[in-house]
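A short write-up of the structure that comes next.
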Amino acid sequence: MQFWVIQTLNSLALGGLLFLLSSGFSLIFGLMRMANLAHGVFFMLGAYLGVTLLQAGVNFWLAALGGGLLVALLGGLLERCVLRALAGNEQGQVLVTLGVSFIVADLCLVVWGGDPIPLSPPAGLRAPLFFMGLAFPTYRLAVLFVAIAAAVLLYVVMERTRIGAMIRAGVDDMAMARIVGIRVSLLFTTVFCLGAALAGAGGVIGGPMLSAYPGLDSDMLPLALVVVILGGVGSLVGSFVGSFIVGGLYSFGTALFPDLAYFVLFLPMLLVLVLRPRGLFGRTLA
Amino acid sequence: MTGLEGVGRWFWLAAAAVALIALPWLMPNDFYVNLASQILVYAVWALSLNLLVGFAGMQSLGHAAYLGGGAYVCAWLIANAGLGHAAAALLTVLIIGAMAGLFGVLALRASGLGFLMITLALGQILWGVAYRWVDFTGGDNGIRLPSRPAPFGLALNQPAPFYYFALAVFAVVLLVMWRIAQSPYGAALRGTRDQPRRMSALGYNVWLIRWSAFVLAGFWGGVAGLLYVYYNKFVSPQALSLQQSAEVLIMTILGGVGSIIGPVVGAVIITLVKTVVSSYVDRWNTLLGVLFLVVIVFMPEGVVPGLRRLRRRFGP
Amino acid sequence: MSITLRRRTVLKGLAAASAGAASLRAPAVIAQPAPIRVGFLTVKTGPLASGGIQMEQGLTLYMKERNSMLAGRPVEIITADTGGVPANARAKTQELVERNQVACLIGPLAAFEALAIDDYIRQERVPTLSVAAAEDMTQRKANPWFVRATSTSAQCSHPMGDYAAKELKYKRVGVIADDIAYGHELIAGFQRVFEDNGGKVVQKLWPPLAVPDYGSYIAQIKPDLDALFIGFAGSNGFRFIRQFNEFGLGGKIPIIGGMTAIDESLLKNMGDEALGLISTCWYSAQLDNASNRKLVEGMERDYKTDPGFYAAATYVNGAVLEAAFQAIDGKAEDKDALIKALKATDIKETARGPVRFDPYGNVVGNVYIRKVERKGGKLVNAVIKTYPDVSQFWTWSPQEFMANPVYSRDYPPARFLE
């Protein structure tokens, strides 16, 4: 009994983290028709920036914000200087983000070294929560709430603001959006920065659970891919649902079928790609 | 396909052949001969991917499945099932070919980015199995190959004999690729890359052509896997990783898709950066990333066609 | 700022000989012998990186104390980072042997790396002072070119099994370790001796080496265990204990550690939750002998940290190497002589205590049971019991021991799992 409760809570916490990671990826994919393979490295960079900010004594949540903003800056630079030069060449853009991920990952290694660095959760959330004879890390529940709050915020932005309407229009039909007068290039930069910010903040928030370590990027990127493929490209609801499905698959998979852990994760993704390429909630084909 | 015309082309080919054959005597020590062998292994692998990426225009991020897959199958058959080298090699390429057939059916359900994702997913599944199914694959420990093959009784344990073996295989693969490029099949393949709808209208079975390219790419990838495991006498899950798939894709694109020499040049550059440069420059990963960036942005067709373009612009 | 070992240690002996112009490598006035090239395989990225970095620090310290001269010859250490990936370990080993023409190797760190380079070492006949703990390298498939001054994976676990059963009086114990050869072997040794003395291992958990989050494993730990034996390497022990406490299990289930789980290098990041943790190792920074005092002082001075398993490993290997070089008059390139001298090592005092090798090339030395205490304001591994003269075979004869299969995930079979 204890096992199931704790694993479910773990899945929820992981799912929340994955939402922060993959929502940005999904938006970028949906709007710019491009798989940003640097997304994993945005997450990792965020985590490392969090390490430095926390060491400098910055409050945890401010560090998360700070990490997000700094990574957004990097994302913006990347988008304007490099991706723009390859406008129209989507596959080239994808490969360029791969190249960028090599560079940033290596530079992280130079700056922060090869040893995994755990981040400390904020002081108030360190003690475990006791209920029903079980204990669970309070911080992980906080992650879940932060993710839900972020989801609500994003939903409001997407559904209730002008810029959200523009993004949705772009995802649905780029040509029409241009004709209607939407400034697509500015939109691209905005979305890319937003995605990067979410990933960067996610890295800091995930730090106490996962630590900052070289290889975090290549551990997280495939998970983001699975979430987005399962949930559907360009769909926020899809990212949300997909994140928790993957969180559950990962937590229960590693516990119940340790030998087949990755199989359990990627098989659903494969099935979806083959049987229903648009994912559960996607509007367009991958 | 090499871009050189007439007598000049044969001269250069002959010169290259002589240099390659004389290589073991030209190198200061065994390390460089082994390096050359490594380059040949990766060149074969890049050539196999080129069928897919260059000729058929389909980008795959899961090609490590065939290198690693071939290496694992062969190592397992010899180390755990006790097969001899000839039987193991034959069985390996057949199994890998079949796997490529299956994967091709799955992957070709989509095109472009979807295709990329599916190949990535398939590669990751194989990697996950190799990494976690410890009882079968040894997990992180990998599988050791007890011995190198001895074709026709010639031992390949020393660097120079192995190099010649790899060179022979490489020459065969190069020839095969060249013949495919020249053949009607090759033309049809390039047709499906450039004008799929027109090809379809003309009566070509586009799906079948693409699938056959996928299988061929996987098959020759498996051959590269054999060379890989013979050279290293060892295989671990890292051979199936996303990193490896990305590297071979980079090799192919860097060198220049669509030409035969391109992937070979790419393999040379990347392998040299990884091994030699990494001894002098700690930040070789950054170098690799920057190289990739520069090539994609300024020479998207690759180094070989890019240089050709520059030569035409500036040269006589 | 910490001092790092540059890729090639400069020939300090030569520089000292040439008077004045230190910036120019002028031809030596006095005929200096050619440098001995020693290859050093370590890990500077990934979960084992913290260990690899300490290995480098320990070796640098040893060389620095001797001005990079051993047995009258300058020594050049050529470092290679394998990243903890077996394929890279092979590639780097080949590079060191073929391109740099090293006389011998120190390292590698991980057992799976050692397994990957085993046949190459045999083929090229390279004397190797291993840090990696892979059992069979000095047992059933003993590599004649291998000597190991550290320990096999299970060498320190056997005494712990004895201690846990007899002195801690535990009856029902769970085990958790990294899912790699090292983890399997370490646990197996503990299980065997523990169960031979009346204990029962009722749960076994194997998280992958590089898993960032132990949540789903901690959730599976049975709440009624007498103790949990942890066999983590690198920095995983530290992260596990932290998450263990976050899940409220700290203090509820005592933790006992294998030889790398509660390492000195991790203690400095831990707090009061570490007090009282018992572990086993062939080393402790608290050992009181002249050689260790120098090591501890040097590490404190240069790197602001206590030496642990990994730093001590290379420091002791340095001592073994030096003794061997001296025994053969510095003729390090004579491989047969070098390996013979290495195997004949019998040093009474190294940082870990006495060191000698059994006929299979593995060390016979002391194993210490340690307990975390606070001393002088910092956490240390205080030695509470010493098992002297422990070999890799514990109380069995080599023949008896090797008649069984090698330790693995499934051997000895777990008969008491619930």
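We name chains A, B, ... by the order of the sequence lines, and we start the count at 1 in each one.
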**Request:** Tell me, for B:F136 versus chain A, whether the close heavy atoms (under 4.5 Å) come from the side chain, the backbone, both or neither.
**Result:** neither
**Asked** What part of B:I253 is in contact with chain A, defined as an atom under 4.5 angstrom from a non-hydrogen atom: side chain, backbone, both or neither?
**Response** side chain
**Asked** What part of B:L116 gets closer than 4.5 Å to chain A, counting heavy atoms only: side chain, backbone, both or neither?
**Response** side chain
**Message:** Tell me which of these, B:A121, B:S241, B:A107, has more heavy-atom pairs under 4.5 Å with chain A than the rest.
**Reply:** B:A121
**Request:** Rounded to the nearest 0.5 Å, what's the gap from CD1 on B:I118 to CD1 on A:I229? Could you check?
**Result:** 8.0 Å
**Request:** Please indicate whether A:R84 has more than 12 foreign heavy atoms, meaning atoms of other residues, nucleotides or ligands, lying under 6.0 Å from its CZ.
**Result:** yes
**Atom group of B:R109 that falls short of 4.5 Å from chain A, counting heavy atoms** = side chain
**Prompt:** Got a second to check how far B:E247's CD is from A:F102's CZ, nearest 0.5 Å?
**Reply:** 6.0 Å
**Item:** Interchain contact, A:L225 with chain B, by part (heavy-atom threshold 4.5 Å)
**Value:** side chain
**Asked** CG of B:L242 to CG of A:L37: how many Å apart, nearest 0.5 Å?
**Response** 8.0 Å
**Fill in**
Whatever's closer than 4.5 Å to a heavy atom in chain B on A:L265 counts as neither
**Item:** chain A contact via B:L249 - side chain, backbone, both or neither, heavy atoms under 4.5 Å
**Value:** side chain
**Prompt:** Roughly how far apart are A:L270 CG and B:L120 CG, rounded to 0.5 Å?
**Reply:** 11.0 Å
**Item:** Heavy-atom pairs under 4.5 Å with chain B, option from A:V110, A:L267, A:L221, A:V94 with the top count
**Value:** A:V110
**Complete:** Scanning both residues in full, the closest heavy-atom pair of A:F266 with B:I125 reads CB-CG1, 3.2 Å
